[in-house]
Amino acid sequence: MKKWLLSMSLAVGVIGLAACNNDAEVVVKTDAGDITKEELYEAMKDKYGDEMIQQLVIEKVLSKKYEVTEEELDKKINEIKEQLGANFELALQQYGYDSEEDLRETFKVAILQEKAAMEEIDVTEEELKEYYDNWMPEIKARHILVDNEETAKEVKKKLGEGAKFEDLAAEYSTDPGSAQNGGDLGWFGQGEMVPEFEEAAYSLDVNEVSEPVESSFGWHIIQVTDKKEKKSFEEMKDELEYELKLSKIDGTVVQEAMKRELKAAGLNIEDPDLKDAFDIYLKDDNKQEDNKKENDKQKDNKQEE
């Protein structure tokens with residue numbers, strides 16, 4: 001996440017500097033000498049140029065073909081806010097984001113790449129039906145996280161004696177993200193929690209409280225507070241196809257998608273300092289082109305001889 005931010009946050013500055021016709025315009029003055037826009041631009045290009053030009057070009061190329069709506073961005077942001085709760089602003093700072101808008105820019109590029117990568121993936125009707133059979137709807141739950149089994153049993157005992165879940169969460173829970181909210185974790189689906197927690201939570205009925213459950217985080221007392229209904233296959237088909245395709249996206253798929261889109265866009269790097277910026281996507285193609293040029297050069301030399 002921080003890497004994405006770095007390229008996006010510096011991009012505007014570099015574009016502005018590159019567009020400046022007056023290379024000698026001074027941005028900083030000192031008794032030891034001045035720093036011009038050209039010097040600053042060259043320094044930033046040397047250090048961050050490849051990464052920035054990748055993101056700028058990819059966003060421009062993909063935005064021409066795919067659309068990211070405000071609703072899609074809102075959904076991504078809200079998911080993060082639900083997960084982090086009161087820690088959302090702190091997390092932005094820790095990952096180097098100046099604002100929520102910076103995070104939206106990061107997600108915009110990521111969603112564009114996701115949509116391009118989706119075109120590399122096919123799923124069959126049989127795969128969709130199997131996925132549907134194993135798919136479980138979201139549930140809403142709260143928990144009290146403690147360090148050891150003994151404390152977990154104590155909490156469970158107090159709940160059985162009539163203590164309020166939210167009061168015990170505030171008193172005992174070591175999960176800072178949920179303790180002051182009554183232990184509430186919001187809605188979540190398959191694969192979003194550690195396996196031990198997920199298995200226990202999905203086995204509970206609404207309002208049922210679990211026995212102590214151990215995970216890598218500690219010991220949990222879990223209560224499911226609501227469950228969504230599972231719709232029919234036809235009603236969910238589009239949603240399931242999206243989820244299944246998304247589960248198949250990896251680095252190789254993204255790289256192939258970017259290679260396809262960049263080639264289709266007629267990518268031509270004019271600045272020799274940035275000639276290798278897209279090797280991560282086009283390395284094999286560039287190598288073949290270099291070999292072709294070398295072969296042509298050798299042929300020309302032989303003809304001259």
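Residue numbers start at 1 and run along the sequence shown.
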Quick check on Gln190: does its CD atom have over 12 non-hydrogen neighbours (other residues, nucleotides or ligands) under 6.0 Å away? yes
The residue among Lys108, Lys64, Gln54 that forms side-chain contact (heavy atoms from CB on, under 4.5 Å) with Glu59 is Lys108
Determine whether Val194 and Val146 fall in the same hydrophobic cluster, where Ile, Leu, Val, Met, Phe, Trp and Tyr are linked whenever their side-chain heavy atoms lie under 4.5 Å apart. no
Is it true that atom NZ of Lys248 has more than 12 heavy atoms of other residues, nucleotides or ligands lying nearer than 6.0 Å? yes
Side-chain (Glu119) to main-chain (Ala257) donor-acceptor, under 3.5 angstrom: no
Please indicate whether Glu199 has more than 12 foreign heavy atoms, meaning atoms of other residues, nucleotides or ligands, lying under 6.0 Å from its CD. no
Between Glu100 and Phe88, what is the shortest heavy-atom contact and its length? OE1-CE2, 3.8 Å
Min side-chain heavy-atom separation Val57-Phe278 under 4.5 Å: yes
Rounded to the nearest 0.5 Å, what's the gap from CG on Asp74 to CD on Glu79? Could you check? 11.0 Å
Do Ile58 and Val253 belong to the same hydrophobic cluster, where Ile, Leu, Val, Met, Phe, Trp and Tyr are linked whenever their side-chain heavy atoms lie under 4.5 Å apart, directly or via other members? yes
Is it true that, when you exclude Lys153 itself, more than 12 heavy atoms of the residues, nucleotides or ligands shown sit nearer than 6.0 Å to its NZ? no
Report yes or no: is the cationic atom of Lys228 (NZ for Lys, CZ for Arg) under 6.0 Å from the centre of the six-membered ring of Trp187, at an angle within 45° of the ring normal? yes
Could you pull out the closest heavy-atom pair between Tyr202 and Lys227, with the gap in Å? O-NZ, 3.9 Å
May I ask you to check whether Tyr131 and Glu243 show a side-chain donor-acceptor distance below 3.5 Å? yes
Decide if atom CD of Glu161 counts as having more than 12 heavy atoms of other residues, nucleotides or ligands within a radius under 6.0 Å. yes
Gln223 side chain near Leu204 side chain, heavy-atom distance below 4.5 Å: no
Whether Glu211 side chain and Ile221 backbone form a donor-acceptor pair below 3.5 Å: no
For Ser99 and Leu92, run side chain to side chain contact (heavy atoms under 4.5 Å, CB included): C-alpha distance rounded to whole Å, both residues' side-chain angles, the deciding distance at 0.1 Å, then the answer. CA-CA 7 Å; Ser99 66; Leu92 286 182; over 6 Å; no
Modelled atom types, side-chain donor and acceptor of Tyr132 and Glu239, under 3.5 Å: no
What do the steps show when you test Asp175 against Ser178 for side chain to side chain donor-acceptor pair (under 3.5 Å), and what is the final call? CA-CA 6 Å; Asp175 177 9; Ser178 67; 2.8 Å; yes
Are Val213 and Trp219 connected, step by step, through hydrophobic side chains (Ile, Leu, Val, Met, Phe, Trp, Tyr) whose heavy atoms are closer than 4.5 Å? no
Could you walk me through whether Glu114 and Leu246 pass the side chain to side chain contact (heavy atoms under 4.5 Å, CB included) check? CA-CA 8 Å; Glu114 176 187 292; Leu246 188 62; 3.4 Å; yes
Between Leu185 and Leu145, is there shared hydrophobic-cluster membership here, with clusters defined by ILVMFWY side-chain heavy atoms closer than 4.5 Å? yes
For residues Leu282 and Leu267, report the shortest heavy-atom separation together with the two atoms involved. CD1-CD2, 3.6 Å
Answer with yes or no whether the side chains of Tyr41 and Thr36 bring together a donor and an acceptor at under 3.5 Å. no
Does the pair Glu101 and Glu105 meet the rule for a side chain to side chain contact (heavy atoms under 4.5 Å, CB included), with working shown? CA-CA 6 Å; Glu101 191 59 34; Glu105 285 297 321; 4.1 Å; yes
Looking only at heavy atoms, what is the nearest atom pair of Ala116 and Leu62, with distance? CB-CD2, 4.0 Å
Counting only N and O atoms by type, is there a donor-acceptor contact under 3.5 Å from the side chain of Glu120 to the main-chain atoms of Val254? no
What's the spacing between Leu73 CG and Phe107 CZ if we round to 0.5 Å? 9.0 Å
Step-by-step side chain to side chain contact (heavy atoms under 4.5 Å, CB included) determination, Val61 to Lys65: CA-CA 7 Å; Val61 168; Lys65 185 174 179 180; over 6 Å; no
Does Asn148 reach the main-chain N or O of Thr151 with its side chain, forming a donor-acceptor pair under 3.5 Å? yes
Single-linkage hydrophobic cluster, 4.5 Å side-chain cutoff, Phe197 and Phe165 together: no
When you measure from the side chain of Asn87 to the backbone of Leu90, do you find a donor-acceptor pair of N or O atoms at a distance under 3.5 Å? no
Side chains of Glu261 and Tyr66: do they bring a donor and an acceptor to under 3.5 Å? yes
Would you please name every residue forming a salt bridge (Lys or Arg N to Asp or Glu O under 4.0 Å) with Glu72, sequence neighbours left out? Lys115
Just by distance, no angles: are the side chains of His220 and Ser215 close enough, under 3.5 Å, to form a donor-acceptor pair? yes
Value rounded to 0.5 Å, distance of CG in Asp238 from CD in Glu235: 11.5 Å
Value rounded to 0.5 Å, distance of NZ in Lys129 from CG in Leu240: 12.5 Å
Within a reach of under 6.0 Å around NZ of Lys231, are more than 12 heavy atoms found that belong to other residues, nucleotides or ligands? no
Just by distance, do the side chain of Asp184 and the backbone of Gly186 share a donor-acceptor pair under 3.5 Å? yes
Do Glu70 and Arg104 sit within salt-bridge range, that is, some charged N less than 4.0 Å from a carboxylate O? yes
Are any non-hydrogen side-chain atoms of Glu149 and Glu214 less than 4.5 angstrom apart? no
